[in-house]
Amino acid sequence: MQPIKIATAQFENRSGDKAYNLSVIDQLSSQAAQNGAQVITFHECCISGYSYARKLSKTQLLEEAEFVPDGESIQGLIEISKKNGIVILAGLFEKDKNGQVYNTYVCVNQKSLLAKYRKLHPFIHPDLSPGNSYVTFDLLGWKCGILICYDNNIIENVRATKLLGADIIFMPHVTMCTPSTRPGAGFVNPKLWENREADPTSLRMEFDGLKGRAWLMKWLPARAYDNAVYVIFSNPIGMDDDQLKNGCSMILDPFGDVLSECRSFEDSFEIATLVPEKLTQAGGHRYLQARRPDLYRDILNQTHQSEQKVVWLGKQ
């Protein structure tokens with residue numbers, strides 16, 4: 001394993017405008033490659049847009065979804081990777097031949113699809129089907145995994161992906177700045193975004209407070225630290241349909257430290273160099289070796305009915 005340079009990006013996608021969103025992915029991928037990045041990762045459903053899907057009918061959702069890897073967007077993504085000489089990770093709505101629709105995230109290189117992952121805990125639309133498997137894959141000598149947004153809130157998913165060998169986990173999101181039972185949570189007023197040039201301070205206070213980054217930093221570093229993994233977090237900036245998102249795309253090391261983070265209100269990316277030594281130097285590596293599965297194997301295997309409620313969507 002050699003050091004690897006990865007970029008995490010953020011941009012303001014346009015709902016349902018795949019051509020525009022792919023053009024931004026192209027632009028940022030080119031710039032990242034010119035700055036030495038070997039890989040660039042974008043947010044959940046960045047190709048299609050995300051929050052607007054909650055307003056679509058099943059028929060409309062199927063029209064928006066594509067086959068993977070034969071659909072136009074994935075083939076376009078491979079061409080962008082080829083043109084810019086960089087591995088790209090991005091998301092969209094996928095459909096299969098049985099009419100099922102998934103929230104899917106892919107990794108492509110200059111030649112083909114390297115990995116495909118379906119979100120295990122989708123919720124933005126009632127007709128989205130959940131994925132049923134974890135994914136690990138080799139990338140430039142590193143073993144990687146993918147978990148989309150809510151999947152990372154179930155800590156067993158992160159541990160399972162690590163136990164399957166992942167040393168890097170890509171965590172694409174569309175998150176923060178939504179209501180919750182959590183104190184301090186809530187939407188951020190879109191007018192602050194419209195006025196960001198004249199009053200960046202008020203917007204940054206909302207983005208960095210408990211509605212946004214302060215909440216994220218309660219748990220995201222722990223996922224990296226507890227599992228001795230590099231975490232590549234990506235999230236949109238600006239309006240996603242009628243919801244304002246705060247970016248904060250970042251790369252964390254196995255110590256839970258932030259190596260790089262997007263702090264601009266503009267479409268942007270940041271690059272970090274990942275080195276293999278940290279994977280075994282970090283405390284999480286020692287804790288993994290000290291596990292005693294005999295104590296909790298039966299506890300984890302207890303029968304359980306999965307129940308998922310997202311407060312800001314109302315009744316589930």
Review point. Is it the case that more than 12 heavy atoms not belonging to M205 sit under 6.0 Å from its CE atom?
Key: no

Study note, to complete from the structure: Minimal heavy-atom distance between A166 and G145, with the atoms involved, is CB-N, 3.8 Å

Revision key, fill the gap. So SG of C149 and NZ of K119: to nearest 0.5 Å the spacing works out to 4.5 Å

Exercise for review: Before giving the answer on side chain to side chain donor-acceptor pair (under 3.5 Å), spell out for S73 and E66 the whole-Å C-alpha distance, their side-chain angles and the decisive distance to 0.1 Å.
Suggested key: CA-CA 8 Å; S73 292; E66 299 186 34; 2.5 Å; yes

Review point. Any idea how Y50 and F123 line up, ring-wise: parallel (<30°), tilted (30 to 60°), or perpendicular (>60°)?
Key: perpendicular

Practice item. Indicate yes or no for a side-chain donor-acceptor contact from D253 to the backbone of F255 under 3.5 Å, with no hydrogens or angles considered. Key: yes

Point to revise | Cation-aromatic face contact R196/F265, 6.0 Å, 45 degrees | key: no

Exercise for review: Using the side-chain contact (heavy atoms from CB on, under 4.5 Å) rule, take W142 and L279 through it: C-alpha gap first, then chi angles, then the decisive distance, then the call.
Suggested key: CA-CA 11 Å; W142 291 70; L279 295 169; 3.8 Å; yes

Practice item. Determine, step by step, whether N246 and L203 satisfy the side-chain contact (heavy atoms from CB on, under 4.5 Å) criterion, reporting the C-alpha distance in whole Å, the side-chain angles of both residues, the deciding distance to 0.1 Å, and the verdict. Key: CA-CA 9 Å; N246 65 325; L203 181 61; over 6 Å; no

Review point. Is the closest side-chain donor-acceptor distance between Q34 and S30 under 3.5 Å?
Key: yes

Exercise for review: For the residue pair L147 and Y134, establish whether any side-chain heavy-atom pair is separated by less than 4.5 Å.
Suggested key: yes

Point to revise | Greater than 12 external heavy atoms within 6.0 Å of K58's NZ | key: yes

Study note, to complete from the structure: Rounding to 0.5 Å, atoms CZ (F269) and SG (C262) come to a distance of 8.5 Å

Exercise for review: For Q243 and D240, indicate whether the former's side chain and the latter's backbone hold a donor-acceptor pair under 3.5 Å.
Suggested key: no

Check your understanding: Picking from T41, V258, T175, T8, what satisfies side-chain contact (heavy atoms from CB on, under 4.5 Å) with F233?
Key -> T175

Review point. What is the minimum heavy-atom distance between I88 and I80, and which atoms define it?
Key: CD1-CG2, 3.6 Å

Practice item. Give a yes or no on whether the backbone of N157 and the side-chain of T161 come within a donor-acceptor separation of less than 3.5 Å. Key: yes

Exercise for review: May I ask you to check whether H43 and F11 place their ring centres under 6.0 Å from each other?
Suggested key: yes

**Study point:** Closest non-hydrogen atom pair between P254 and K278, with its separation
**Key:** CB-O, 3.8 Å

Review point. Considering all heavy atoms of both residues, which atom of K116 and which atom of V106 are nearest to each other, and what is their separation?
Key: CG-CG1, 4.3 Å

Practice item. Verify the neighbour count for atom CD of Q289: are there more than 12 heavy atoms of other residues, nucleotides or ligands below 6.0 Å? Key: yes

Point to revise | Within 6.0 Å of NZ in K5, more than 12 heavy atoms from elsewhere | key: no

Review point. Hey, does I4 have a side-chain heavy atom less than 4.5 Å from the side chain of T273?
Key: no

Check your understanding: Is a side-chain donor or acceptor of Q60 paired with a backbone partner of S57 at a separation under 3.5 angstrom?
Key -> yes

Practice item. Answer yes or no: does atom CD of E72 have more than 12 heavy-atom neighbours from other residues, nucleotides or ligands under 6.0 Å? Key: no

**Study point:** Side-chain (E270) to main-chain (A7) donor-acceptor, under 3.5 angstrom
**Key:** no

**Study point:** Side chain to side chain, M176 and K211, heavy atoms closer than 4.5 Å
**Key:** no

Point to revise | Worked verdict on F42 versus S29 for side-chain contact (heavy atoms from CB on, under 4.5 Å) | key: CA-CA 10 Å; F42 295 91; S29 297; 3.8 Å; yes

Point to revise | side-chain contact (heavy atoms from CB on, under 4.5 Å) between W219 and N153, intermediate numbers included | key: CA-CA 9 Å; W219 63 269; N153 298 132; 4.1 Å; yes

Point to revise | Worked check of side chain to side chain donor-acceptor pair (under 3.5 Å) between D199 and S202 | key: CA-CA 6 Å; D199 181 16; S202 296; 2.7 Å; yes

Check your understanding: Got V231 and V158 here, is their nearest side-chain heavy-atom distance under 4.5 Å?
Key -> no

Check your understanding: Below 4.5 Å, heavy atoms only, C-beta onward: do I154 and H121 meet side chain to side chain?
Key -> yes

Check your understanding: Any luck finding a side-chain donor-acceptor pair between D151 and Y117 under 3.5 Å?
Key -> yes

Check your understanding: Quick check: are there more than 12 heavy atoms from other residues, nucleotides or ligands sitting under 6.0 Å from CG of L164?
Key -> yes

Practice item. Nearest 0.5 Å please: distance from the CG atom of N103 over to the OG atom of S129. Key: 11.5 Å

Check your understanding: Is there a donor-acceptor contact under 3.5 Å from the side chain of S249 to the main chain of N235?
Key -> yes

Exercise for review: Give a yes or no on whether I40 and M250 share a hydrophobic cluster (residues Ile, Leu, Val, Met, Phe, Trp, Tyr; joining criterion: side-chain heavy atoms under 4.5 Å apart).
Suggested key: no

Revision key, fill the gap. Residues G247 and I237: closest non-hydrogen pair is N-CD1, 3.8 Å

**Study point:** Hydrophobic cluster identity match, V101 and V310, side-chain contacts under 4.5 Å
**Key:** yes

Check your understanding: Any ion pair linking K162 and D167 (charged N to carboxylate O, less than 4.0 Å)?
Key -> yes

Practice item. Using a strict cut-off of less than 4.0 Å between a Lys/Arg side-chain nitrogen and an Asp/Glu carboxylate oxygen, indicate whether E64 and K95 qualify as a salt bridge. Key: no

Check your understanding: Hey, are R263 and D208 close enough for a salt bridge, meaning a charged N less than 4.0 Å from a carboxylate O?
Key -> yes

Review point. Do the side chains of I86 and L114 join up, straight or via other hydrophobic residues, at under 4.5 Å, putting them in one cluster?
Key: no

**Study point:** N/O donor-acceptor pair under 3.5 Å between E206 side chain and T201 backbone
**Key:** no

Review point. Hey, mind stepping through R159 and D226 against salt bridge (charged side-chain N to carboxylate O under 4.0 Å, His left out) and telling me if it holds?
Key: CA-CA 8 Å; R159 176 52 59 90; D226 287 343; over 6 Å; no

Exercise for review: Using a cut-off of 6.0 Å, state whether more than 12 heavy atoms not belonging to K82 lie near its atom NZ.
Suggested key: no

Review point. Do L128 and F93 have side-chain heavy atoms sitting under 4.5 Å apart?
Key: yes

**Study point:** Side chain proximity check, Y102 to P122, heavy atoms < 4.5 angstrom
**Key:** no

Check your understanding: Which value, rounded to the nearest 0.5 Å, describes the distance between W193 atom CH2 and K245 atom NZ?
Key -> 13.0 Å

Check your understanding: Do the side chains of L22 and V174 join up, straight or via other hydrophobic residues, at under 4.5 Å, putting them in one cluster?
Key -> no

Practice item. Check whether any side-chain N or O of N21 sits under 3.5 Å from a backbone N or O of V24 as a donor-acceptor pair, and report yes or no. Key: no

Practice item. Kindly compute the distance separating CD1 (I169) from CD1 (I232), expressed to the nearest 0.5 Å. Key: 10.0 Å

Check your understanding: Can we say D242 and R54 salt-bridge, meaning some charged N sits less than 4.0 Å from an Asp/Glu carboxylate O?
Key -> yes

Point to revise | Atom of I299, atom of L295 and distance for their closest heavy-atom approach | key: CD1-O, 3.8 Å

**Study point:** Side-chain donor/acceptor of R291 to backbone N/O of L288, under 3.5 Å
**Key:** yes

Check your understanding: Do the side chains of F187 and F207 join up, straight or via other hydrophobic residues, at under 4.5 Å, putting them in one cluster?
Key -> no

Point to revise | Backbone N/O of N152 and side chain of R223: donor-acceptor pair under 3.5 Å | key: yes

Point to revise | Spacing of SG belonging to C107 relative to CG belonging to L77, to within rounding of 0.5 Å | key: 9.0 Å

